[in-house]
Amino acid sequence: MPDPDLSITIIGGGIGGLVLALQLHFSGFTNIHIFEASRQLKAIGSGINLQPSAVLVLRNLGLLEELERTGIRTEELRYYNRFGDYVVSEKRGVKAGYAIPQISIHRGMLHDLLLEAVKERLGDCIHTDHTFTSFTQTEKDVTAHFARRSDPTTPPTSPSITTDILIGADGINSTVRSLLYPNEGPPNFSGRLLWRGVSERAPFLTGRSMVWAGHADQKFIAYPVGREAELRGRSLVNWIAELRVRDKDDPDLTPPVADWGKTVPKERFAGSFEKWTFGFLSIPELIAETEVVAEFPMCDRTPVGRWSFGRLTLLGDAAHPLYPIGSNGASQAILDAVALSSALQQESDIPIALTKYQNVRLPPTAKICFANRANGPDHVLQLAHERAPDGFESIDDVIGSLELEEVGRAYKLLAGFDMESVNRKVKETEGAWERRVKAKVNGNGTNGTNRL
Ligand SMILES: Cc1cc2nc3c(=O)[nH]c(=O)nc-3n(C[C@H](O)[C@H](O)[C@H](O)COP(=O)(O)OP(=O)(O)OC[C@H]3O[C@@H](n4cnc5c(N)ncnc54)[C@H](O)[C@@H]3O)c2cc1C
Ligand SMILES: *[C@@H]1O[C@H](CO)[C@@H](O)[C@H](O)[C@H]1NC(C)=O
Ligand SMILES: *[C@@H]1O[C@H](CO)[C@@H](O)[C@H](O)[C@H]1NC(C)=O
Ligand SMILES: *[C@@H]1O[C@H](CO)[C@@H](O)[C@H](O)[C@H]1NC(C)=O
Ligand SMILES: CC(=O)N[C@H]1CO[C@H](CO)[C@@H](O)[C@@H]1O
């Protein structure tokens, strides 16, 4: 059993920070404190994907039913070139033979669902309007300092906290990371901008299909994310338009300023997609019918050699911000949470435990970063575009079937959601949550409350 008195501070109440809190709590740690810069945790964002490997983690935390009530079981992924010529498709999730689904979900709804679970299970442990600013550490403990972003002149309720462990789960612009790597600077810009929107409409293809169309410098992605709309025979479609706006060889890597909540006029990109009318989906129509569109620069950071420094480590986007390619950024943050929690369960020496966690998670996420820079699984689109820029009758004339399959297979293995290993873990961990619930009820008679 882990030491239940071990105290843990988590910086950032995003997807990574919340799942980490739930996973630590599941593992028996109870002294957990989350500090979040925003004044209020609001349901911001658009679509996000949870690969089967990450859905499994959430199942084992008793959250699968909720996820399925909110998100969509993605069934297939279909690739097209910019003319709508069909490149390749693959079954996804349960349809592909996984024992657990892939789930496409609204990021805000996923965040809400996790937040509710944290409040219910851990109680009042989230401190909003606490922006982490600095830390000090000794052999015995680590102290974090906070400011109030909404009013920098008034100190926050808790100006500082001293605990056994400090986890930086503060996202792509992590302050924790910037203190560890003071010369790193802002994330590197890929030269491509993304525009995201969500719109309810009639279903396309199976109603549970993801579509990826175009090539590396001009791409359009669309997939449904909402179960509630599906039950009414509609689709809540999340879409992403991508365009290169800065030359590939431009040495300037500083990202243009943008943020997740900011909306922009559609004229910035809609013209480039005006001819993208495919038989099953009119992209100009989808863009036109969407009310709110937000803009983001596609950024990442070059992997560093170390995340863990004594009693402090990084997790999620703070540790490994990735290009949003291959639909697995949130899934990697969730896999980090499990690895960190189990390292702390197995090893009581904290610096050693944190280094073990780093050794499990840093090498694979670094590989994903480089794979995503080389287009990840979308490489098939790039191949099709380069070999047949004016389109084609049949993909067989352009790319051999073995080559097509290999791209997808290799990526899944790299990202940790190859079917064999996921299905093995599904079996091995069957009933984990139910056993946890039973042990609690029997041991403590907390019958009638949901406080696990
Ligand atoms: C508002 C928002 C909307 C997003 N929408 C999408 C989306 O639609 N689709 C998609 O694929 N990805 C989206 N992402 C990114 C996605 O959530 C992450 O890529 C992924 O889930 C990994 O999560 P994370 O917890 O590591 O980082 P994040 O989810 O980015 O969470 C980091 C958290 O840390 C907080 N924080 C930052 N600095 C400090 C500080 N100094 N002190 C305290 N707290 C701090 C942030 O406010 C945030 O809540 C969004 C992120 C954010 C913050
Ligand atoms: C991170 O910083 C960049 C600018 O450096 C900004 O465009 C981006 O929106 C920021 N991301 C988040 C999640 O705050
Ligand atoms: C950006 O790229 C440069 C050149 O490859 C690299 O030296 C630097 O570390 C990168 N910065 C980040 C934030 O990854
Ligand atoms: C839980 O509640 C039920 C009735 O609500 C009762 O029959 C049962 O004995 C209770 N169990 C415990 C462990 O308190
Ligand atoms: C078996 C078990 O989980 N017992 C716990 C019941 O709750 C008390 C107080 O919260 C704990 O100290 C026990 O360990």
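All values derive from a computational prediction rather than experimental measurement. We count ligands from 1, going down the list as the structure has it; atoms in each ligand are counted the same way.
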Which part of [X] is near ligand 1, with near meaning a heavy atom under 4.0 Å away: side chain, backbone, both or neither?
| X | result |
| --- | --- |
| F35 | backbone |
| A169 | backbone |
| H130 | backbone |

Next on the checklist: Using a plain distance cutoff, I'd like to know if A37 has any nitrogen or oxygen under 3.5 Å from a nitrogen or oxygen of ligand 1.
Outcome noted: yes
Next on the checklist: Under 3.5 Å between any N/O of G329 and any N/O of ligand 1: does that happen in this structure?
Outcome noted: no
Next on the checklist: Once you measure the plane-to-plane angle for F269 and W195, does it fall in the parallel (<30°), tilted (30-60°) or perpendicular (>60°) bin?
Outcome noted: parallel
Checklist outcome for this item: S7 meets the side-chain hydrogen bond (donor to acceptor under 3.5 Å, both in side chains) criterion, sequence neighbours left out, with D164
Next on the checklist: Tell me whether the count of non-hydrogen atoms from other residues, nucleotides or ligands lying under 6.0 Å of NZ in K266 goes above 12.
Outcome noted: yes
Item to check | Verdict with reasoning, F220 to F273, per ring-ring contact (aromatic ring centres under 6.0 Å, His included) | outcome: CA-CA 9 Å; F220 197 89; F273 293 91; 5.7 Å; yes
Checklist entry - Does R244 reach the main-chain N or O of S190 with its side chain, forming a donor-acceptor pair under 3.5 Å? => result yes
Checklist entry - Just by modelled atom types, is the L205 backbone N or O under 3.5 Å from a matching donor or acceptor in the R78 side chain? => result no
Checklist outcome for this item: Less than 4.0 Å from some atom of ligand 3, heavy atoms are found in residues E184, P186, N188, L253, R301, T302
